[in-house]
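Notes to accompany the following structure.
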Amino acid sequence: DDVIMGYKISPVPITIGNRNPFRVGWGSYLVNAVAGCNDCHTNPSYAAGGDPFMGQPKKINTAAYLGGGQQFGPFTSRNLTPEANGMPAGLTLDQFLEVFSKGTDFDKKHPQMGPLLQVMPWPSYQSMSTRQLRAIYEYLSSIPPVTVPGLP
């Protein structure tokens with residue numbers, strides 16, 4: 001089942017706290033098996049000797065897991081881990097849902113290119129249900145925070 005698999009494949013410890021355990025496990029499954037968040041939001045994505053694209057057994061870079069920092073031209077992937085307020089990427093649930101449904105760039109880091117996120121594939125993710133996105137949000141809220149030098 002997706003929820004059990006989500007708990008098995010999370011590369012970092014999960015803290016349930018007052019979160020819904022079903023949502024957290026399902027969110028992990030969506031983040032780690034479906035959406036490919038690690039590919040863009042962990043820099044580098046894989047630990048030394050663990051890059052599956054090099055024929056090595058996959059080993060996620062847990063020290064920087066979802067901490068952002070990948071460069072895509074003028075864009076840098078954001079840190080998705082919980083900030084001091086406990087919110088992933090510092091976003092409320094409503095803001096998080098808006099990012100996925102409308103591509104809103106709340107940080108407005110590249111206003112010369114428009115008000116929308118330019119690299120994140122939000123047009124694909126906007127077809128996800130609110131339940132799925134809430135599960136992702138709860139998983140991201142339950143993982144350890146990561147600090148990447150130079151990133152918020």
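From a predicted model like this one, the values you see are computed outputs, not experimental measurements.
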| request: Mark yes or no for whether Ser45, through its side chain, and Asn38, through its backbone, hold a donor-acceptor pair below 3.5 Å. | output: yes

| field | Cluster check Met128, Phe96: I/L/V/M/F/W/Y, side chain < 4.5 angstrom | value | yes

| request: Flag the pair Pro13 / Pro144 as yes when at least one side-chain heavy-atom distance between them is below 4.5 Å, and no otherwise. | output: yes

| message | Main chain of Ser129, side chain of Gln132: is a donor-acceptor contact present, judged purely on distance under 3.5 Å? | response | yes

| task | Measure from the side-chain N and O atoms of Arg19 to the backbone N and O of Ser141, and report whether any donor-acceptor pair falls under 3.5 Å. | result | yes

| Validation row: Leu80, Pro88 side chains within 4.5 angstrom (heavy atoms) | no

| task | Might you work through the side-chain contact (heavy atoms from CB on, under 4.5 Å) test for Val12 and Val146, ending with a clear yes or no? | result | CA-CA 11 Å; Val12 295; Val146 170; over 6 Å; no

| request: Assess whether atom CE of Met87 is packed by more than 12 heavy atoms of other residues, nucleotides or ligands within 6.0 Å. | output: yes

| Is the Tyr65 ring parallel, tilted or perpendicular to the Tyr139 ring (thresholds 30°, 60°)? | perpendicular

| message | I'd like to know if the side chain of His41 reaches the main chain of Arg78, judged simply by a donor and an acceptor atom lying under 3.5 Å from each other, with no hydrogens or angles considered. | response | yes

| request: Using modelled atom types only, decide if a donor and an acceptor are shared between the side chain of Asp105 and the backbone of Leu116 within a distance under 3.5 Å. | output: no

| message | Working to the nearest 0.5 angstrom, can you tell me the gap between Ser28 OG and Leu140 CG? | response | 9.5 Å

| said: When you group the ILVMFWY residues by side-chain heavy-atom contacts below 4.5 Å and let the links chain together, are Phe72 and Met120 in the same group? | reply: no

| Is there side-chain contact between Arg23 and Tyr137, with at least one heavy-atom pair below 4.5 Å? | no

| query | Is the backbone of Gly69 close enough, under 3.5 Å, to the side chain of Asn43 for a donor and an acceptor to pair up by distance? | reply | yes

| Honestly curious: do Val119 and Phe100 fall in one hydrophobic cluster under the side-chain, below-4.5 Å linking rule? | no

| side-chain hydrogen bond (donor to acceptor under 3.5 Å, both in side chains) evaluation trace for Ser101 with Gln126 | CA-CA 4 Å; Ser101 65; Gln126 73 183 172; over 6 Å; no

| Stepwise side-chain contact (heavy atoms from CB on, under 4.5 Å) check, Arg134 with Leu93 | CA-CA 7 Å; Arg134 183 164 183 186; Leu93 176 59; 4.0 Å; yes

| field | Rounded distance [0.5 Å steps], CG in Asp1 versus CE in Met5 | value | 9.5 Å

| field | Linked, directly or transitively: Leu30 and Ile16 (ILVMFWY side chains, under 4.5 Å) | value | yes

| said: Between Lys58 and Asp51, does any side-chain N to carboxylate O distance fall below 4.0 Å? | reply: no

| task | Would you check if Ile60 and Tyr46 make a side-chain contact, meaning some heavy-atom pair closer than 4.5 Å? | result | yes

| request: Verify, without hydrogens or angle tests, whether Thr104 (side chain) and Phe106 (backbone) share a donor-acceptor contact under 3.5 angstrom. | output: no

| request: Would you check if the side chain of Tyr7 reaches a backbone N or O of Pro21 as a donor-acceptor pair within less than 3.5 Å? | output: yes

| To the nearest 0.5 Å, how far apart are CD1 in Ile9 and CG in Asn32? | 5.0 Å

| Roughly how far apart are Ser77 OG and Leu66 CG, rounded to 0.5 Å? | 9.5 Å

| query | Can you list the steps and then say if Gln70 with Phe75 is a side-chain contact (heavy atoms from CB on, under 4.5 Å)? | reply | CA-CA 8 Å; Gln70 289 275 18; Phe75 305 100; over 6 Å; no

| field | Backbone N/O of Lys102 and side chain of Trp122: donor-acceptor pair under 3.5 Å | value | no

| field | Derivation of the side-chain hydrogen bond (donor to acceptor under 3.5 Å, both in side chains) call for Thr81 and Asn79 | value | CA-CA 6 Å; Thr81 65; Asn79 185 336; 2.6 Å; yes

| Is it true that a side-chain atom of Tyr125 and a backbone atom of Ala35 form a donor plus acceptor pair closer than 3.5 Å? | yes

| query | Linking I/L/V/M/F/W/Y whenever their side-chain heavy atoms sit closer than 4.5 Å, directly or via other members, would Leu91 and Val148 fall into one cluster? | reply | no

